[in-house]
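Here the structure comes first, spelled out in structure tokens, and everything after it is commentary.
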Amino acid sequence: MCRHAARAAGSFPPTRFSREIVSTSREKPLRACALPAGPEERRCCGGCGPARIAAMSGTLAKIAEIEAEMARTQKNKATAHHLGLLKARLAKLRRELITPKGGGGGGPGEGFDVAKTGDARIGFVGFPSVGKSTLLSNLAGVYSEVAAYEFTTLTTVPGVIRYKGAKIQLLDLPGIIEGAKDGKGRGRQVIAVARTCNLILIVLDVLKPLGHKKIIENELEGFGIRLNSKPPNIGFKKKDKGGINLTATCPQSELDTETVKSILAEYKIHNADVTLRSDATADDLIDVVEGNRVYIPCIYVLNKIDQISIEELDIIYKVPHCVPISAHHRWNFDDLLEKIWDYLKLVRIYTKPKGQLPDYTSPVVLPYCKTTVEDFCMKIHKNLIKDFKYALVWGSSVKHNPQKVGKDHTLEDEDVIQIVKK
């Protein structure tokens with residue numbers, strides 16, 4: 001007798017941490033949901049028919065098979081070509097898992113589609129019961145349910161803080177588990193929201209092994225998120241004919257013409273120009289070819305430091321990109337907020353109306369990659385650039401104060417600007 005039939009017959013009672021929804025003759029069959037039950041009964045998220053589950057199972061089996069082959073293959077120059085081919089196949093299968101063929105199925109899931117507001121968005125990612133909801137409640141003053149059992153938070157809970165004149169949105173995401181990138185515990189919806197963030201805070205419990213850090217990193221990387229890294233310096237351009245043309249501006253330790261050709265052949269690309277401007281790996285080339293990777297800065301927030309010794313705290317401080325805090329006692333929040341500000345790299349621009357003093361209370365906040373005068377005008381209103389004549393700028397971005405600049409001038413943090421119209 002299968003598990004579903006046994007549960008329907010009442011052979012064994014349902015456990016708290018695993019649920020199966022058994023269909024009746026009148027109801028549409030629902031799949032077994034990986035979401036654990038909390039204090040109240042919750043329905044399955046739906047949207048995954050038998051065909052979709054079978055397809056996912058087949059893809060997962062292929063992924064496991066390739067990973068096993070990669071694990072038993074020695075890494076040397078002779079096997080680099082074969083490993084590159086396996087990595088390309090693995091990336092293709094992972095992409096199928098993220099965006100299955102056919103497009104059907106349910107939506108993003110109730111509570112996951114939060115509108116983006118403010119100047120930046122920060123997502124809290126971590127295992128269940130590490131203190132994400134407590135951190136959000138004490139930082140933003142927003143109530144997020146806190147309890148002694150795991151998976152208390154089942155939807156995205158938003159909050160907003162104001163820091164140094166910027167409005168920053170905080171998202172308390174449901175806890176993820178190992179295998180989240182493969183769809184376990186609604187992990188795919190959670191990580192999909194994390195992809196839209198400007199900064200990710202991975203919240204960890206200092207009392208639990210730091211191996212949890214590596215597990216979460218693997219889950220995020222499997223979904224196309226690259227933490228604290230920059231896009232590979234590789235030029236890639238498809239063409240109609242001429243074959244694969246590889247140009248390297250520096251010595252390469254891993255990639256050669258044959259390896260590049262085999263990786264591109266896996267994507268059915270036989271004509272392209274590839275330029276390697278740094279010592280690149282097969283993974284770097286695959287990321288560029290896939291084109292769906294996001295590069296997001298990340299801070300590791302080690303919570304519950306009130307339960308460890310000073311000596312252990314000194315060791316924790318040596319971990320890169322790390323901030324130890326106590327969300328319950330609100331310890332070290334100043335250090336956390338300052339690090340968040342450094343990683344977001346936001347630029348504040350103050351406005352000065354003609355004949356008046358600058359307004360230092362409400363700056364216009366720009367992302368670090370869009371800080372020209374034209375970007376500033378577009379942030380205020382798109383019609384402002386049509387009437388733009390020139391701008392007067394005071395601050396560190398100009399040689400003398402004020403300086404007359406055009407729309408291509410790059411502004412720096414805490415500059416003062418006055419727009420002159422035609």
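Below, all heavy atoms of this structure are taken into account, side chains as well, without hydrogens, waters or symmetry copies. Keep in mind that what you see is a predicted model, and the values were worked out from it rather than measured.
Remark: the N138 side chain and the R330 side chain contain an N/O donor-acceptor pair separated by less than 3.5 Å. There is a side-chain donor-acceptor pair under 3.5 Å between S133 and D172. Looking only at atom types and distance, the side chain of S326 has a donor-acceptor partner in the side chain of D306 under 3.5 Å away.
Taking 4.5 Å as the limit, every side-chain heavy atom of L411 sits out of range of all side-chain heavy atoms of T372. Annotation: side chain of L227 is in contact with side chain of I200 (closest heavy-atom distance under 4.5 Å). Put simply, the side chain of V347 does not reach to within 4.5 Å of the side chain of P367, judged on heavy atoms. Taking 4.5 Å as the limit, every side-chain heavy atom of L346 sits out of range of all side-chain heavy atoms of L366. Between N401 and V393 the shortest side-chain heavy-atom distance does not fall below 4.5 Å. Looking at heavy atoms from C-beta onward, D279 lies in side-chain contact with Q252 at the 4.5 angstrom threshold. Taking 4.5 Å as the limit, some side-chain heavy atom of F333 sits within range of a side-chain heavy atom of L139. Within the 4.5 Å cutoff, the side chain of L136 has heavy atoms near those of the V157 side chain.
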task: Could you walk me through whether V125 and I191 pass side-chain contact (heavy atoms from CB on, under 4.5 Å), step by step?
output: CA-CA 8 Å; V125 176; I191 302 176; over 6 Å; no
message: Between E414 and Y360, is the side-chain hydrogen bond (donor to acceptor under 3.5 Å, both in side chains) condition met? List the steps.
response: CA-CA 9 Å; E414 296 195 289; Y360 291 110; over 6 Å; no
task: Any chance you could lay out the side-chain hydrogen bond (donor to acceptor under 3.5 Å, both in side chains) test for Y390 and Q418, step after step, and finish with the verdict?
output: CA-CA 9 Å; Y390 63 89; Q418 179 182 318; over 6 Å; no
- request: Given salt bridge (Lys or Arg N to Asp or Glu O under 4.0 Å), test K214 with E221 step by step and report yes or no.
  value: CA-CA 10 Å; K214 192 65 182 173; E221 287 195 7; over 6 Å; no
- request: In sequence, state the C-alpha distance, the side-chain angles, and the governing distance for K352 and D359, and then conclude on salt bridge (Lys or Arg N to Asp or Glu O under 4.0 Å).
  value: CA-CA 6 Å; K352 182 189 179 301; D359 181 11; over 6 Å; no
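Under a cutoff of 6.0 Å and an axis angle of 45°, K230 and Y295 do not form a cation-pi pair.
To the nearest 0.5 Å, atom NZ of residue K339 and atom CG of residue D334 are 14.5 Å apart. C298 contributes atom SG, which lies 7.5 Å from atom CG of L201 (distance to the nearest 0.5 angstrom). Note: Q169 CD to R121 CZ = 4.5 Å, rounded to the nearest 0.5 Å. Atom CD1 of I263 sits about 5.0 Å away from atom CD1 of I286, to the nearest 0.5 Å. Considering CG of L199 and CD1 of I168, their distance stands at 9.0 Å, rounded to 0.5 Å. With values rounded to the nearest 0.5 angstrom, L171 atom CG is found 6.5 Å from T196 atom OG1.
With respect to S397, the side-chain hydrogen bond (donor to acceptor under 3.5 Å, both in side chains) criterion is satisfied by exactly one of Q403, H409, E412: H409.
Residues D205 and S129 share a closest heavy-atom pair of OD2-O, 4.4 Å. A140 approaches L170 most closely through the heavy-atom pair CB-CD1, 4.1 Å.
For D119, the salt bridge (charged side-chain N to carboxylate O under 4.0 Å, His left out) test picks out K379, with sequence neighbours left out.
Between the side chain of H381 and the backbone N or O of N383, at least one donor-acceptor pair lies under 3.5 Å. In this structure, R195 contributes its side chain and F223 its backbone to a donor-acceptor pair below 3.5 Å. Without hydrogens or angle criteria, N303 side chain to L204 main chain gives no donor-acceptor distance under 3.5 Å. With hydrogens and angles ignored, the 3.5 Å screen pairs a side-chain donor or acceptor of T79 with a backbone N or O of Q74. Proximity of a side-chain donor or acceptor of D284 to a complementary backbone N or O of T281 within less than 3.5 Å is detected.
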Pair up each side-chain donor or acceptor in residues 312-325 with any protein partner under 3.5 Å, not counting sequence neighbours, and list the distances.
from, atom 1, to, atom 2, distance (Å)
E312, OE1, S309, N, 2.9
E312, OE1, S309, OG, 3.2
Y317, OH, N332, ND2, 3.2
Y317, OH, D335, OD2, 3.3
H321, ND1, Y343, OH, 2.8

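By the 6.0 Å contact criterion, NZ on K407 is open, its count of non-hydrogen atoms from other residues, nucleotides or ligands being 12 or less. Summarising the local packing, NZ of K164 is surrounded by more than 12 heavy atoms from other residues, nucleotides or ligands at distances under 6.0 Å. No more than 12 heavy atoms of other residues, nucleotides or ligands lie within 6.0 Å of NE2 in H328, so this atom counts as exposed by the packing criterion. Within a 6.0 Å sphere centred on CD of E69, other residues, nucleotides and ligands contribute more than 12 heavy atoms. The number of heavy atoms from other shown groups lying within 6.0 Å of NZ (K116) is above 12.
Electrostatic pairing of K87 and E67 does not count as a salt bridge here, judged by no charged N lying under 4.0 Å from a carboxylate O.
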